Amino acid sequence: MIDLYYWPTPNGHKITIALEEMGLPYSIKYVDISKGQQFKPEFLSFSPNNKMPAIIDRQGIDGMQTSVFESGAILLYLSQKTGLFFSSEMKYQIKIWQWLMWQMASFGPMLGQVHHFNHYAPLKIDYAIERYVNEAIRLYGVLETQLSNQEFVTGSEYTIADMAILPWTKSYARQGIDLGNFPNISRWQENLFRRKAIQKAYEIAGDKQTDLRQLSGVEWQKLFGTTKP
Ligand SMILES: N[C@@H](CCC(=O)N[C@@H](CS)C(=O)NCC(=O)O)C(=O)O
């Protein structure tokens, strides 16, 4: 049994998708990031960056309890554990590493900034919105090209790289993206959202999402590190 420390955000969805796809039994422990639960000492003891997702695998490495934080590391761990959605050949592994790192270092963080400055920042800062929306459009263009002559991000096989990237493309409209300009991403996304495991992962997410604009001043300060005007 794997304990999944989770809140329904794109980074959380990556892991529910992987666990559902891999058929691994898991139990969800909600970490309400709008209430500061990511700062609880018990959570910080295995997720020191105060962010979810994180997992505790009770039957982990050598049968011992193993904890993992950072969604990319969790995806790699789960794929190594099961031998699924990865590759045994280094020439394919290297593709998966690169696209996973691209998601972790560029696609996710930049889209996070788009969400913040488009929807949460109490002040409308045109410069920040323009910078991050333009960067989002550039990154969608990179993904579009990658998907132009193959079914999945790293080739003909569905891998953890697709699982990492897909959840960030779900809210494309909130990111100022017109998916009509990205037909290959659109086709890839539609195919993946037809998968039962992915549908189940989003059913689990339910309606727990909080409207972050409603946070109190204290909660806002904790989550965003800034004073709420
Ligand atoms: N690089 C991390 C990012 C995780 C992350 O940003 N989690 C956010 C929610 S999507 C979080 O827990 N935020 C709480 C906080 O920053 O205090 C990963 O991929 O696991």
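Order of appearance sets the numbers: ligands from 1, and atoms from 1 within every ligand. Model, not experiment: these values are computed from the prediction.
Between Lys222 and ligand 1, no N or O atom pair is found at a separation short of 3.5 Å. Among the atoms of Glu70, some N or O lies under 3.5 angstrom from an N or O of ligand 1.
Against a heavy-atom cut-off of under 4.0 Å, Asn50 is close to the following atoms of ligand 1: 14 (C), 15 (C), 17 (O). Using a 4.0 Å cut-off to heavy atoms of Leu223, the atoms of ligand 1 that qualify are 14 (C), 15 (C), 17 (O). Interface of Pro53 with ligand 1, defined as ligand atoms under 4.0 Å from a residue heavy atom, comprises 20 (O). Within ligand 1, the atoms closer than 4.0 Å to a non-hydrogen atom of Ile33 are 9 (C), 12 (O), 14 (C), numbered from 1 in the order shown.
Here the heavy atom of the protein found nearest to atom 12 (O) of ligand 1 is Met52 N, 2.9 Å. Among protein heavy atoms, atom 10 (S) of ligand 1 sits closest to Thr9 OG1, 3.1 Å. The single protein non-hydrogen atom nearest to atom 17 (O) of ligand 1 is Gln38 NE2, 2.8 Å, given as residue, atom name and distance. The single protein non-hydrogen atom nearest to atom 19 (O) of ligand 1 is Ser71 OG, 2.6 Å, given as residue, atom name and distance. Looking from atom 3 (C) of ligand 1 to the surrounding protein, the closest heavy atom is Asn11 ND2, 3.7 Å.
Qualifying salt bridge (Lys or Arg N to Asp or Glu O under 4.0 Å) partners for Glu42, counting only residues two or more places apart in sequence or in other chains: none.
Taking the six-membered ring for Trp, Tyr202 and Phe193 have ring centres closer than 6.0 Å. Residues His115 and Tyr120 keep their aromatic ring centres 6.0 Å or farther apart. For an aromatic pair to be called close, the ring centres must be under 6.0 Å apart, and Tyr132 with His116 fails this.
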task = Determine, step by step, whether Asn184 and Glu144 satisfy the side-chain hydrogen bond (donor to acceptor under 3.5 Å, both in side chains) criterion, reporting the C-alpha distance in whole Å, the side-chain angles of both residues, the deciding distance to 0.1 Å, and the verdict.
result = CA-CA 6 Å; Asn184 292 304; Glu144 174 70 12; 2.9 Å; yes
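Around atom 6 (O) of ligand 1, the closest heavy atom drawn from Gln37, Lys14, Lys51 belongs to Lys51.
Salt bridge status for Glu219 with Lys222: absent, with no side-chain N to carboxylate O gap under 4.0 Å.
Contacts classified as salt bridge (charged side-chain N to carboxylate O under 4.0 Å, His left out) and involving residues 169-196 (residues at least two apart or in different chains) are given here: Glu21-Arg195.
Side-chain N/O atoms of Gln175 and Tyr140 include a donor and acceptor closer than 3.5 Å.
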